[in-house]
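Structure first, commentary second.
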Amino acid sequence: MASSNVTMLAVCVALTLSGLYADVAEAVEQPLRRSHRKATKTWCVAKPSAEAAALQGNLEFACSESDCGAIQGTGGCTRPDSLLSRASVAMNAYYQARGRNSWNCFFNGTGLITITDPSLGACKYA
């Protein structure tokens, strides 16, 4: 009789501990799952050292493949009116539209991926 009571007590303790372990494991894993789900936002900009011909090519290509309304007409990214700025906005539009993959910001070595939002004033990068 005493043996069955000890066995029953051992089973109860084991079940209680396994339940506590499951609660602790869930409490630890839940924030980790959330942090993996929330990817760091990134943007693609033109390298300041890129040559004007390369930037013009990037601008034309990116605008032929994605929406460049932000740098056209009354778009919010018409200032500063520099090739570097326009190319950066266009390259980022392409990069964002294609899923933010590193190869979508390569642009023959003239693109940079940044974790710092390049938005400035009325010009909001997507």
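Because only heavy atoms are used, hydrogens play no part in the values below, and waters and symmetry mates are left out as well, while side chains stay in.
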I need the minimum non-hydrogen distance between G109 and K47, along with the two atoms involved.
O-NZ, 3.0 Å
Any idea which heavy atoms bring L83 and A52 closest together, and the distance?
CD2-O, 3.4 Å
List the atom of V89, the atom of A70, and the distance in Å for their closest heavy-atom pair.
CG1-CB, 4.1 Å
Least distance between heavy atoms, Y95 atom then N101 atom:
CE1-O, 3.3 Å
A62 and A90 have their tightest heavy-atom pair at CB-O, 3.3 Å
Interatomic distance, OG@S66 vs CD@Q96, rounded to 0.5 Å, equals 10.0 Å
State the OG1-CG distance between T42 and L112, to the nearest 0.5 angstrom.
12.5 Å
Give the minimum heavy-atom separation between L55 and A50, together with the two atoms involved.
CD2-CB, 3.7 Å
Spell out, as yes or no, whether a donor-acceptor pair under 3.5 Å connects the side chain of K41 to the backbone of A126.
yes
Atom pair CG (L59) and CG (L84), whose distance is rounded to the nearest 0.5 Å:
11.0 Å
Could you go through the side-chain contact (heavy atoms from CB on, under 4.5 Å) check for Y94 and N58 one step at a time?
CA-CA 10 Å; Y94 178 83; N58 294 350; over 6 Å; no
Between D117 and S119, is any side-chain donor less than 3.5 angstrom from a side-chain acceptor?
yes
Nearest 0.5 Å, what's the CZ-CD1 distance between R100 and I113?
10.0 Å
So, the side chain of S85 versus the backbone of S82: is there a donor-acceptor pair under 3.5 Å, distance only?
no
Passes side-chain contact (heavy atoms from CB on, under 4.5 Å), S88 versus W43? Steps please.
CA-CA 9 Å; S88 290; W43 296 267; over 6 Å; no
Return the CZ to CD1 distance between R86 and I71, rounded to the nearest 0.5 Å.
7.0 Å
D81 atom CG: more than 12 heavy-atom contacts under 6.0 Å
yes
Value for CD (E51) from CD (Q56), rounded to nearest 0.5 Å, stands at 13.5 Å
